[in-house]
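All residue numbers refer to positions in the sequence shown, counting from 1.
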Amino acid sequence: MPSPTTERSVVEVLRAAKERITPIEQWTQRVLARAKPAGPKVSPIRPEASCWCAIGSLAAETRVGMLRWEAERWLSTAASEQHPRSESPITYVNDNGARAEAHRRTLQMFDRAIELAEAEQT
C-alpha cells in the first residue's frame, strides 16, 4: 500500500480506503479507528490501528489536506444518495443498522464515490 504522502489521485485514495475496510474485521463503527475490533479507540494514523470507519480509513490513507477533502466530498455525495436528509451522511451510512448490513452499505458508498470520481476524471 502506498504511503499516505505519496502523490495519488482521489480515485486511488478512495480505492485504498475501501480496500482497508473491506474485511469486516478491519471495519468499525462510532469511532475513527480501534486497536482491535471492539477494542479501545485510537487515532486512525497510529500503527496499532487495525480497524477503521469510513472516515477513519480516509484519514489513514491521506492524513490531511486537499486530497482528503476531495475524497471525503465524493464519499459524502455518495452517502447523500442513500440518505439525503442526514446532516452527516457518511457517518449515518457507516454507523446505523446491523453490523453486516451497515458494512455492506459502507462498501457500496465507496463504490459509488469511486464511480462518481472516475466519471469526473474522464
Picking from [options], what satisfies side chain to side chain contact (heavy atoms under 4.5 Å, CB included) with [X]?
X      : options                : result
Glu101 : Arg99, Arg105, His103  : Arg105
Leu14  : Leu116, Thr62, Ile114  : Ile114
Glu81  : Gln108, Arg112, Met109 : Arg112

Is there a donor-acceptor contact under 3.5 Å from the side chain of [X] to the main chain of [Y]?
X     : Y     : result
Arg8  : Glu61 : yes
Asn94 : Ile90 : no
Ser57 : Ala54 : yes
Ser86 : Tyr92 : no
Gln26 : Arg20 : yes
Asp95 : Gln29 : no

Task: Partners meeting side chain to side chain donor-acceptor pair (under 3.5 Å) with Asp111 (sequence neighbours left out) - done: Lys18
Using distance only, find each side-chain donor-acceptor pair of residues 36-45 under 3.5 Å and give its atom names and separation, not counting sequence neighbours.
residue, atom, partner, partner atom, Å
Ser43, OG, Ile45, N, 3.4

Open item on the list: Show, in sequence, the C-alpha distance, side-chain angles and deciding distance for Ile55 and Arg68, and conclude whether the side-chain contact (heavy atoms from CB on, under 4.5 Å) test is met.
Closed with: CA-CA 10 Å; Ile55 294 172; Arg68 178 171 171 192; 4.0 Å; yes
Heavy atoms of other groups near [X] [atom1], more than 12 under 6.0 Å:
X      : atom1 : answer
Arg85  : CZ    : no
Arg104 : CZ    : yes
Glu87  : CD    : no

Residues 69-78, side-chain donor-acceptor partners within the protein, below 3.5 Å, at least two apart:
residue, atom, partner, partner atom, Å
Thr77, OG1, Arg73, O, 3.0

Open item on the list: Go through it in stages, so that I can follow the logic: the residues are Arg34 and Thr28, the test is side chain to side chain donor-acceptor pair (under 3.5 Å), and I'd like the CA-CA distance, side-chain angles, deciding distance and then a yes or no.
Closed with: CA-CA 7 Å; Arg34 295 183 190 276; Thr28 193; 2.7 Å; yes
Task: Same apolar cluster: Trp52 and Val31, side chain cutoff 4.5 Å - done: no
- [ ] Please check if Leu32 and Ile24 belong to a single hydrophobic cluster, counting links between Ile, Leu, Val, Met, Phe, Trp and Tyr side chain heavy atoms closer than 4.5 Å.
- [x]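 Leu32 and Ile24: one cluster.
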Task: Side-chain heavy-atom pair Gln121, Ser9 within 4.5 angstrom cut-off - done: yes
Open item on the list: Using side-chain heavy atoms (C-beta onward) and a distance below 4.5 Å, is Thr22 in contact with Phe110?
Closed with: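 A side-chain contact under 4.5 Å is absent here.
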Task: Nearest heavy atoms of Asn96 and Thr91, plus distance in Å - done: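 Smallest heavy-atom distance, with atoms named: ND2-O, 4.3 Å.
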